[in-house]
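Remember, it's 1-based here, ligands and their atoms both numbered in the order they're listed. Note that these values count all heavy atoms, side chains included, but never hydrogens, waters or copies made by symmetry. If you're wondering where the values come from, they're calculated on a predicted model, not measured in any experiment. Numbering of residues begins at 1 and proceeds along the displayed sequence.
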Amino acid sequence: MTVKKAVIPAAGLGTRILPASKAVPKEMLNIVDKPAIQYIVEEAVAAGITDILIITNRGKGVIEDHFDHSFELECVLEQKGNTEALDQVRKVADLANITFIRQKETKGLGHAVLQAKAFVGNEPFAVLYGDDVIIGDQPAIGELIDVYNEYGLGVGGVKQVEGEQICKYCSLDVDMIDDRVMRVNDMIEKPSPEQIMSQYAILGRCVLPPEIFEILERTPRGAGNEIQLTDAMRQLTLDKGMMAVEFSGIRYDMGNKLGIMQANVEQALKHSEIGEDFKEYIKELSKTL
Ligand code: UTP
């Protein structure tokens, strides 16, 4: 059975980018002219996902509004004959079959994914972290789905993280199968420097079998006193096995300030409307640095 459902956890507090995330969810921060979470939904749709559950919490209602129709705005654009803007606004509401559920307590990513149990049922599903935007020629989650379809095991999307930077993420023990695909032997969330197993970390994407829910239900709080998805994926690895694939796109971490700026500068340089002007501006600016 191939993967048709996706879960986007977007209920974190975003404490690393306060005050920006005080009233605006970090998943709604823009990369040039489009909120992060729209890039993520578009990636899922490009990979053949038809049903998406976004996990939100109090104060994240604007995410729901963004993926809904805005009749007032659509009406005004129609009257003005601004068909280009009208198409863009309407397209967002029709991207996929999107539903929402609230995580009532912020108990961690594993706990957020657990809220998707009824939505997922007995199918494999994709998880796309709401603050990790991946831009590339192919949808990153599609690269993971291909590996799931080949091996029938859960798949983590990985990248190499330099040096001790990996201590902020998770570290995987892997056996390489080819230059992108690997079998996972073990993993640890937020390792101390002596616990680093490799420089490979799962960043922002995974495909999981429904068995993950039984595991999550008995996963105790781990690093940061949160129910960690990594701890449940480790158990899945030991029980059934798991694969990993180094996805080809560029990942932007919209949960930290530098990631937000990198995303905006790099994507503005490629933007069809402002790209050339922005390049000139950056060239001039760089002379003063
Ligand atoms: P992060 O750990 O990056 O998000 O979680 P955070 O907790 O908002 O980060 P801080 O406060 O800056 O350290 C990765 C993804 O999981 C979601 C977040 O919204 C983010 O998209 N998440 C995290 C939840 O949905 N629920 C949680 O309890 C924690």
Between side-chain atoms of residues 131-140 and protein atoms elsewhere (two or more places apart, or another chain), which donor-acceptor pairs fall under 3.5 Å?
unit_1: Asp131; atom_1: OD2; unit_2: Lys26; atom_2: NZ; d: 2.8
unit_1: Asp132; atom_1: OD1; unit_2: Arg251; atom_2: NE; d: 2.9
unit_1: Asp132; atom_1: OD1; unit_2: Arg251; atom_2: NH2; d: 2.9

Practice problem: Please identify which atoms of ligand 1 are closer than 4.0 Å to at least one heavy atom of Gly130. | Solution: 21 (O)
Quiz item: For ligand 1, which atoms, with element, lie under 4.0 Å from some heavy atom of Gly108?
Solution: 26 (N), 27 (C), 28 (O), 29 (C)
Quiz item: Are any of the N/O atoms in Glu226 less than 3.5 Å from those in ligand 1?
Solution: no
Quiz item: Would you call Glu143-Arg205 a salt bridge at under 4.0 Å N-O?
Solution: no
Quiz prompt | Atom indices of ligand 1, in the order listed, that fall short of 4.0 Å to a heavy atom of Thr106 | solution = 27 (C), 28 (O)
Quiz prompt | Gly14 neighbourhood, listing ligand 1 atoms whose heavy-atom distance to it stays under 4.0 Å | solution = 6 (P), 8 (O), 11 (O), 12 (O)
Practice problem: Test salt bridge (Lys or Arg N to Asp or Glu O under 4.0 Å) on Glu64 and Arg102 and set out the steps. | Solution: CA-CA 11 Å; Glu64 296 184 35; Arg102 283 190 179 193; 5.1 Å; no
Quiz item: Just distances here: any N/O of Leu13 and N/O of ligand 1 closer than 3.5 Å?
Solution: yes
Quiz item: For ligand 1, is any non-hydrogen atom under 4.0 Å from Lys26's backbone (N, CA, C, O), its side chain (CB onward), both, or neither?
Solution: side chain
Self-check item: CD on Glu226 to NZ on Lys190, rounded to 0.5 Å
Solution: 7.0 Å
Practice problem: Could you tell me whether Ile17 and ligand 1 have an N or O pair separated by under 3.5 Å? | Solution: no
Quiz item: When you measure from atom 11 (O) of ligand 1 to each heavy atom in Thr15, Leu109, Ile8, Leu229, which option holds the nearest one?
Solution: Thr15
Exercise. Run the numbers on Leu95 and Glu42 for side chain to side chain contact (heavy atoms under 4.5 Å, CB included), then give the verdict.
Key: CA-CA 7 Å; Leu95 275 173; Glu42 287 174 352; 4.1 Å; yes
Quiz prompt | Where Leu172 and Ala244 come nearest, the two heavy atoms and their spacing | solution = CD2-CB, 4.2 Å
Exercise. If you have a sec, work out which protein heavy atom is nearest atom 24 (C) of ligand 1 and how many Å separate them, to one decimal?
Key: Gly12 N, 3.4 Å
Quiz item: Do Ser192 and Glu194 have a side chain donor and acceptor closer than 3.5 Å?
Solution: yes
Quiz item: At a 4.0 Å threshold, what atoms of ligand 1 neighbour a non-hydrogen atom of Lys107?
Solution: 28 (O)
Quiz item: Are Lys4 and Glu123 ion-paired here, with the side-chain N under 4.0 Å from a carboxylate O?
Solution: no
Practice problem: Over all heavy atoms of both residues, which pair between Pro210 and Gly121 is shortest? Give the atoms and the distance, please. | Solution: CB-O, 3.6 Å
Quiz item: Taking the minimum heavy-atom distance to atom 9 (O) of ligand 1, which of Glu105, Glu27, Arg16 ranks first?
Solution: Arg16
Quiz item: Heavy atoms only: which of Gly255, Ala10, Pro9, Gly224 is nearest to atom 21 (O) of ligand 1?
Solution: Pro9
Exercise. Report, as yes or no, whether the 6.0 Å neighbourhood of atom CZ on Arg183 holds more than 12 heavy atoms from other residues, nucleotides or ligands.
Key: no
Quiz prompt | Within-shell test, His111 vs ligand 1, heavy atom, strictly < 4.0 Å | solution = no
Exercise. Look only at interatomic distance and state if Gln103 has a nitrogen or oxygen under 3.5 Å from any nitrogen or oxygen of ligand 1.
Key: yes
Exercise. Please determine which of Met242, Arg234, Met243 meets the side chain to side chain contact (heavy atoms under 4.5 Å, CB included) test together with Val184.
Key: Met242
Quiz item: Counting from 1, what ligand 1 atoms have a heavy atom of Ala11 closer than 4.0 Å?
Solution: 19 (O), 24 (C), 25 (O), 26 (N)
Self-check item: Asp131 heavy atom under 4.0 Å from ligand 1
Solution: yes
Practice problem: Report yes if Ala112 has an N/O atom closer than 3.5 Å to an N/O atom of ligand 1; otherwise report no. | Solution: no
